[in-house]
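Remember, it's a predicted structure, so these values are computed and weren't measured experimentally. Chain letters run A, B, ... following the sequence lines, proteins first, then strands; residues in each count from 1.
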4 protein chains.
Amino acid sequence: MGTPGSSGVPRPSTKGRPRDSSRDLAILDATLALLTEVGYEQLSMEAVAGRSGAAKTTIYRRYPDKAALVAAAVERRGPAKPPPPRGKNLRADVHALTAWLARNISEQDVGLLGALFTGMRNDPRLAQAMRRILRRDETAMTDNLGHPTAEPLAPGAATLFAEVAPALIVHRVVVVGEPCDAAFVAHLVDDILLPLLRRT
Amino acid sequence: MGTPGSSGVPRPSTKGRPRDSSRDLAILDATLALLTEVGYEQLSMEAVAGRSGAAKTTIYRRYPDKAALVAAAVERRGPAKPPPPRGKNLRADVHALTAWLARNISEQDVGLLGALFTGMRNDPRLAQAMRRILRRDETAMTDNLGHPTAEPLAPGAATLFAEVAPALIVHRVVVVGEPCDAAFVAHLVDDILLPLLRRT
Amino acid sequence: MGTPGSSGVPRPSTKGRPRDSSRDLAILDATLALLTEVGYEQLSMEAVAGRSGAAKTTIYRRYPDKAALVAAAVERRGPAKPPPPRGKNLRADVHALTAWLARNISEQDVGLLGALFTGMRNDPRLAQAMRRILRRDETAMTDNLGHPTAEPLAPGAATLFAEVAPALIVHRVVVVGEPCDAAFVAHLVDDILLPLLRRT
Amino acid sequence: MGTPGSSGVPRPSTKGRPRDSSRDLAILDATLALLTEVGYEQLSMEAVAGRSGAAKTTIYRRYPDKAALVAAAVERRGPAKPPPPRGKNLRADVHALTAWLARNISEQDVGLLGALFTGMRNDPRLAQAMRRILRRDETAMTDNLGHPTAEPLAPGAATLFAEVAPALIVHRVVVVGEPCDAAFVAHLVDDILLPLLRRT
DNA sequence: AAATAACCGAGACGGTACGTCAAGTCTTGAG
DNA sequence: CTCAAGACTTGACGTACCGTCTCGGTTATTT
């Protein structure tokens, strides 16, 4: 991908002036900020350069194009930690997890989806990377679900949760166009998720 | 929106030379064709003009910008008719409906989502229009579900189906990035949809 | 030229509804007004149509293009009458004539020159027409010069005056870019015109 | 004006990639060529870009609009050198100078006048620049007139020549619309210029 | 009186060119 | 070799007029 963390291809090349790592931060910070401000389509490389104080060359030396830059910026942010389950009450745990997920997707992942669409057409490998990031965030909660065994769950319940909950939240935000408020989260938990987790 | 299909408000304006409806067709056809060929982002007004044989001004007279053009092009296409339920076997009916929905979304609605993202930032009313079209397609099947009563369903089952099935299919295509093949449809029907429809 | 006054080619055609002569006036008035307001280049047929209340078709039915329209508008204005010579004092007569000419050229003919330049490239016959109008205005004063014989003049003095005076005034306004004020007129009369008229 | 030739103000800006001077040449050459081929009105920025091989943005980076581009193109051409006076025969000197001037104006300055008219309305400072160029060319001959003193001349004779000769030549070409042939030059010299220069 | 024909307004149509913006590449000088 | 700055090509944007072409409707003359 050409990101600094990647190992092989783009040769960190021991000779010459070393890359200024403060530039990495500035670039990715500016990208994230602009991404949430104006969205993916309206985000211009020129604006990233301007805000970060870096030259366009410096950005293009690191990332081959806009989509890669956005991918790197979002990847760096890292998977936010989901709230740990209390373990006593299954509904409370699922509800907390769902609410946290709804907030995360609404606030952060929407911008990513724009990048995904562009990337899908231009460079399948890039689309793959975007998907990996999105999936990483979505599946981050799988591990913590049902561990302390509040209640016996069907086998594959965690996987099922990780499949259904994000899908419905994304659909709500993007296609339906209404916010993931408390009522929606409750509906999601009580009418869809819990029946599936218990009965499967 | 000013699209030809809209009633009343934008004054068909009896004065002056009437619009050439063959231009409408040519423009929308070219738009749909290019949309599926190159996707929303790569679709340029210049290309639409070129392929349709219409001048750019003729397009801009009808639609204020690219997003409105795409919205109109997709709206015209109309909601494809879902397969009618046989009524004997609930699983067979749900499966047929889901498979049909998966095919439709994979083939047609993906391009729309790109338009939706751009429209969300630029013009909320446009985003609203795009959502309306997407929802219209998604809810088209609601009416036909469970009518001949193959099996007693939970109240609100149809609504629930219209909420969950499209969400998971879109998520599969866009975020997961894998095709909605037979195995996935079966999984969707047997592990998620049928349990919800029967038990709620 | 296609102007209503012209005799031959475009057939006033006795059949059918006759042309509305009020449209002629409105069109030519609007043209003259816009010509002085924004100049020849910035004058658009659309603006003439808008201001005159006539449709573009109505204008193009009368004049084949912008240059012809402007030519007709200026021609209609007609040659302003130069002041009659008093006859007693040659210098006074020449001065009055020159001052009148300077005013006329500054105020009216400047717009024409733009049309002339366009016409020169596009349609030599049109350029010819523009020149005829300009020359008609310029030579209008020839007849009245020196008739009551204030002073014996060289043969061809009137022709010489009609050749030199307009040339210097046009040059002053267009190329030098300074106004034809009293000082310039006096210089023109005393240092150039009178010596030529008396001595040739 | 921001033209490359201007000193100081517009910051040559030592930072960044310097402007490619070969682009300057290509652009101005193409402009001059097209100017003489099709005239000012028909000269399009797109054509200049095409012929010069430069992108439109490269042209617009240097010149704010068409008139400024034309001004720069003409300015670069520089004042053609008038023929040096032989000094023996005043009439021969004046005739040579006049013939040279007639040729120059007919061939080159006519296109400039079109630019001047547009510029006059759009930007007075630009019109000023165009006038400066035209005047520079016209007054280029003043210095060489009468220096070797072929014959005693009236004071201010050179200035008078620079005022009258160009005016009559421009008028002949533009307004009268007839060529500055040998007969006209002779008439100009013998009937107008020499009497003025000798007697004033 | 009816038919015909040219007129008129309005405005759509295919074009050409405009001047702007952003993308991604290239070229300088400095470190 | 990196960095900031900015010039460069490319291609699309949305706008303004051009000159032509329907429309529905309006006068006139001719049959």
Side-chain angles (χ1 to χ4, degrees), chain A residues 11-20 22-23 41-50 52-66, chain B residues 13-23 42-49 52-66, chain C residues 11-20 22-23 42-50 52-66, chain D residues 13-23 42-49 53-66:
Chain A
R11 292 192 294 154
S13 183
T14 175
K15 311 257 294 197
R17 173 178 173 175
R19 287 199 182 164
D20 182 347
S22 76
R23 296 297 85 205
E41 323 292 343
Q42 307 292 340
L43 178 141
S44 78
M45 301 299 269
E46 231 113 52
V48 172
S52 69
K56 264 199 301 180
T57 325
T58 305
I59 302 175
Y60 277 108
R61 194 173 294 116
R62 290 163 161 75
Y63 313 101
D65 54 20
K66 183 164 88 164
Chain B
S13 184
T14 176
K15 308 288 291 276
R17 174 177 174 176
R19 293 208 177 153
D20 183 346
S21 62
S22 77
R23 299 293 87 206
Q42 307 292 341
L43 178 141
S44 79
M45 300 300 267
E46 231 112 48
V48 172
S52 69
K56 251 197 311 177
T57 44
T58 301
I59 303 174
Y60 279 110
R61 194 173 296 117
R62 291 162 161 74
Y63 314 101
D65 53 21
K66 184 164 82 165
Chain C
R11 293 190 294 154
S13 182
T14 175
K15 311 256 297 198
R17 173 178 175 176
R19 290 199 180 159
D20 182 347
S22 77
R23 298 295 85 207
Q42 306 292 339
L43 178 142
S44 78
M45 301 300 268
E46 230 112 56
V48 172
S52 69
K56 265 198 300 178
T57 325
T58 304
I59 302 175
Y60 278 108
R61 195 174 295 118
R62 290 161 162 74
Y63 313 102
D65 55 20
K66 183 164 85 165
Chain D
S13 184
T14 175
K15 306 287 290 277
R17 173 177 176 177
R19 294 210 176 150
D20 183 344
S21 62
S22 77
R23 298 294 87 206
Q42 307 292 341
L43 177 142
S44 80
M45 301 299 267
E46 230 113 50
V48 172
K56 255 198 308 178
T57 42
T58 301
I59 302 174
Y60 279 109
R61 192 174 298 114
R62 290 162 161 76
Y63 313 101
D65 53 21
K66 185 164 84 166

Q: Drop me the distance from B/K56's NZ to B/E46's CD, to the nearest 0.5 angstrom.
A: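 If I round to the nearest 0.5 Å, the distance is 4.0 Å.
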**Q.** Distance, nearest 0.5 Å, that separates CZ of C/R61 from CZ of C/R19
**A.**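 Output value for this atom pair is 6.5 Å.
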Side chain of [X], heavy atoms from C-beta onward: which of [options] has the nearest atom to it?
{"X": "A/Y60", "options": "E/dA23, F/dC17, F/dA28", "answer": "E/dA23"}
{"X": "D/A55", "options": "F/dG19, F/dT10, E/dA22", "answer": "F/dT10"}
{"X": "B/M45", "options": "F/dC13, F/dC17, E/dC13", "answer": "F/dC13"}

Determine the contact category for [X]: base if any of its heavy atoms lies under 4.0 Å from a base atom, sugar-phosphate if only primed atoms, P, OP1 or OP2 are that close, otherwise nothing.
{"X": "D/G53", "result": "sugar-phosphate"}
{"X": "D/T58", "result": "base"}
{"X": "A/L43", "result": "sugar-phosphate"}
{"X": "B/A54", "result": "sugar-phosphate"}
{"X": "B/R61", "result": "base"}

[N] [atom2] sits how many Å from [X] [atom1], rounded?
{"X": "A/E41", "N": "F/dA12", "atom1": "CD", "atom2": "P", "answer": "17 Å"}
{"X": "D/Y63", "N": "E/dG19", "atom1": "OH", "atom2": "P", "answer": "15 Å"}
{"X": "C/E46", "N": "F/dC17", "atom1": "CD", "atom2": "C1'", "answer": "5 Å"}
{"X": "C/I59", "N": "E/dG11", "atom1": "CD1", "atom2": "P", "answer": "15 Å"}

Between the base of [N] and the side chain of [X], is there a donor-acceptor distance below 3.5 Å?
{"X": "B/T57", "N": "F/dG14", "value": "no"}
{"X": "A/K56", "N": "E/dG24", "value": "yes"}
{"X": "D/R17", "N": "E/dC26", "value": "yes"}

Q.
Go nucleotide by nucleotide along DNA chain F from the 5' end; which of B/S44 and D/D20 gets its closest nucleotide reached first?
A.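 It is D/D20 whose nearest nucleotide is closer to the 5' end.
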Q. Start at the 5' end of DNA chain F and walk down; is the nucleotide closest to C/P18 or to B/D65 reached first?
A.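 Here B/D65 is the residue nearer the 5' end.
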Shortest non-hydrogen contact between [X] and [Y], atoms and distance:
{"X": "B/M45", "Y": "B/I59", "result": "CE-CG2, 3.8 Å"}
{"X": "B/A55", "Y": "B/A49", "result": "C-CB, 4.3 Å"}
{"X": "C/L43", "Y": "C/K66", "result": "O-NZ, 3.0 Å"}

Q | Phosphate OP1/OP2 of E/dC13: any B/R62 side-chain N/O under 4.0 Å | A |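 Checking B/R62 against E/dC13: at least one side-chain N or O falls below 4.0 Å of OP1 or OP2.
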Q: Report yes if a side-chain nitrogen or oxygen of C/R19 is closer than 4.0 Å to either non-bridging phosphate oxygen (OP1 or OP2) of F/dA28; otherwise report no.
A: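 No.
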Q.
Return whichever of D/K66 or A/K66 has its heavy-atom-nearest nucleotide of DNA chain E closer to the 5' end.
A.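 It is D/K66, whose closest nucleotide lies nearer the 5' terminus.
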